[in-house]
Protein chains: 2
Amino acid sequence: MTTARRSGSALTEAIKRAALELGQESGYAKLSIEAIAARAGVGKHTVYRRWSSKGALMLDSLLSLDESALDYSETGDVVEDLRRQIYEAVDLLAGEPFRPLFQSLVGEAQHDPVVAAALTERFITPQADKTVARLKAAREQGQLSPDFDLDLAMAILSGPLYFRLLITQEPLTHEYVDRILEALFAGMRPRR
Amino acid sequence: MTTARRSGSALTEAIKRAALELGQESGYAKLSIEAIAARAGVGKHTVYRRWSSKGALMLDSLLSLDESALDYSETGDVVEDLRRQIYEAVDLLAGEPFRPLFQSLVGEAQHDPVVAAALTERFITPQADKTVARLKAAREQGQLSPDFDLDLAMAILSGPLYFRLLITQEPLTHEYVDRILEALFAGMRPRR
DNA sequence: TATGGAACGGCACGTGCCGTGCCGTTCTGT
DNA sequence: ACAGAACGGCACGGCACGTGCCGTTCCATA
């Protein structure tokens with residue numbers, strides 16, 4: 001009997017899917033590459049050939065979900081645009097069902113430089129750049145105080161969200177996002 | 001020959017010391033309880049009897065360093081008081097030589113609820129409470145806008161610091177702390 | 001259409017650490 | 001003086017690691 005052999009990319013997808021499934025069932029901690037390979041019906045080599053570690057695999061699996069999902073449209077209103085951008089990121093990664101996995105992944109990045117680098121390159125930097133670009137455009141249109149540090153503004157927007165996700169481990173609601181935006185812009189509007 | 005036997009608390013201290021030493025030498029990731037016990041000249045039971053996991057041991061070892069170190073004096077100026085409080089926490093845990101360990105520990109808290117709970121109870125909550133209490137006192141003295149959410153202010157102070165520590169993994173300088181304080185209070189001062 | 005090489009699934013191996021027993025010894029409280 | 005707890009040392013089974021080797025299947029090239 002000739003088993004229909006799957007193509008390379010189909011295997012890659014099957015492994016990612018198995019990783020996400022097992023991750024949601026058992027949690028990241030008790031997750032082994034052995035188990036993922038078994039679930040995907042694949043040899044361990046086939047996994048190791050593609051990813052160097054459990055963290056790299058999970059990160060890739062998780063971030064493959066977004067792709068275009070993290071784009072957002074422009075309304076002309078800075079606050080509204082930022083709100084939408086943050087809502088989408090928060091809903092995807094800090095909402096069900098992927099919050100625990102994303103959380104564990106950021107945790108893993110604290111031990112594993114490879115995961116940290118990949119996380120920064122594929123998610124953190126793109127998001128931060130988008131935020132700063134939008135702020136910059138607003139500042140040039142006179143909607144913001146011209147002396148405000150945009151990188152700092154970005155950190156003040158992002159920081160409390162990660163603080164909630166990682167430290168207090170409370171849910172990230174839209175209402176919380178709104179409050180941060182409100183507080184930030186209270187101090188950022190141009191002075192009369 | 002009768003080996004001089006160490007008392008219980010002396011053993012506890014010796015194990016903590018060994019854990020911190022090995023943690024700084026090898027990094028948290030490649031750290032085993034076996035190795036810690038060996039370094040401390042102690043049986044594994046003696047470790048397991050005191051701590052339930054590597055994370056619990058490391059957290060205890062690290063936070064035992066502060067004790068009274070995280071107290072600070074009152075100057076009457078909110079910003080100055082908060083600055084001192086944050087400096088001290090940042091210098092101890094996010095400065096050399098303990099930054100990598102603290103970082104890994106917060107990472108561990110993402111997988112291990114026991115570590116997360118201990119971290120919250122022994123460090124996060126006390127720090128947050130202190131900050132909020134100081135803000136509250138200032139507000140009651142009319143130094144702050146009366147409608148500002150103090151918990152949110154605390155998150156805006158803490159969030160960017162953890163963002164730097166965990167996400168962008170840049171050093172936490174006093175200068176950065178100052179900029180956050182400045183930005184926050186720009187939006188918090190009472191309106192005329 | 002024939003052929004070599006790459007990728008595959010399956011299996012087994014040695015390694016490291018886990019957490020837990022059991023031993024005989026040493027200290028402590030009563 | 002004595003019982004019991006805590007100790008250091010050792011050995012154990014278990015698990016997942018990462019890496020070999022096997023024979024098979026697919027694919028590119030000639």
Side-chain angles (χ1 to χ4, degrees), chain A residues 1-23 25-61 101 104-105 107-108 111-115, chain B residues 1-19 21-23 25-61 101 104-105 107-108 111-115 118:
Chain A
M1 158 187 152
T2 54
T3 316
R5 194 162 194 165
R6 293 169 291 184
S7 77
S9 65
L11 280 174
T12 302
E13 292 311 310
I15 296 170
K16 286 185 191 175
R17 215 176 309 122
L20 287 180
E21 284 175 19
L22 277 176
E25 292 169 19
S26 330
Y28 182 89
K30 52 178 60 176
L31 197 56
S32 68
I33 289 195
E34 296 220 355
I36 296 173
R39 168 70 68 103
V42 140
K44 284 197 281 179
H45 282 293
T46 309
V47 178
Y48 281 114
R49 201 173 289 119
R50 290 168 166 74
W51 297 279
S52 60
S53 68
K54 183 173 77 167
L57 164 56
M58 293 307 297
L59 184 76
D60 196 20
S61 305
L101 283 183
S104 293
L105 221 42
E108 192 79 355
H111 314 305
D112 185 340
V114 173
V115 175
Chain B
M1 161 187 152
T2 55
T3 315
R5 194 161 194 164
R6 295 167 290 184
S7 78
S9 65
L11 280 176
T12 302
E13 293 310 311
I15 296 170
K16 286 185 192 175
R17 216 176 309 122
E21 284 174 18
L22 279 176
E25 293 170 15
S26 331
Y28 182 88
K30 50 178 63 176
L31 198 57
S32 68
I33 290 193
E34 295 218 358
I36 296 172
R39 167 72 66 106
V42 141
K44 285 198 281 180
H45 283 292
T46 309
V47 178
Y48 281 112
R49 199 174 290 118
R50 291 168 166 75
W51 297 278
S52 59
S53 67
K54 183 174 78 168
L57 164 55
M58 293 306 298
L59 185 75
D60 196 20
S61 306
L101 284 182
S104 293
L105 221 43
E108 192 80 356
H111 314 305
D112 185 341
V114 173
V115 174

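Lettering of chains follows the sequences in order, A, B, ..., and the numbering in each one begins at 1.
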note: A:Ile15, atom CD1; C:dC8, atom P; distance rounded to Å ~ 8 Å
Does a side-chain N or O of A:Ser32 approach OP1 or OP2 of D:dC15 to a distance below 4.0 Å, or not? no
Of the nucleotides C:dG19, C:dC8, D:dA16, which has the atom closest to the A:Thr46 side chain? C:dC8
Earlier contact from the 5' end, DNA chain C, for A:Arg50 and A:Lys44: A:Arg50
Rounded distance in Å - CG (A:Leu57) to P (D:dG18): 12 Å
So is the aromatic ring of B:His45 stacked onto the base of C:dT20, judging by whether the centres are under 5.5 Å apart and the planes are under 30° apart? yes
Has A:Lys54 got a side-chain atom pairing as donor or acceptor with A:Leu31's backbone, closer than 3.5 angstrom? yes
Atom-pair distance (CD1 on B:Ile33; C1' on C:dT20), nearest Å: 13 Å
Rounded to whole angstroms, how far apart are CG on A:Leu11 and P on C:dA6? 18 Å
Parallel, tilted or perpendicular: which describes the rings of A:Tyr28 and B:His111, with under 30° parallel and over 60° perpendicular? parallel
So if I take every side-chain heavy atom of B:Val42 and compare against C:dG19, D:dG8, D:dA16, which nucleotide ends up nearest? D:dG8
Atom CZ of A:Arg49 and atom C1' of C:dA7 are separated, to the nearest Å, by 5 Å
In whole Å, what is the span from the CZ atom of A:Arg39 to the P atom of D:dA16? 14 Å
Minimal heavy-atom distance between A:Leu59 and A:Val115, with the atoms involved, is CD2-O, 4.1 Å
If every non-hydrogen atom of A:Asp112 is compared with every non-hydrogen atom of A:Ser53, which pair is closest and at what distance? OD2-OG, 3.6 Å
In whole angstroms, the gap separating P of D:dC21 from OH of A:Tyr48 amounts to 18 Å
Distance check needed: C:dG16 C1' versus B:Ile36 CD1, whole Å only. 15 Å
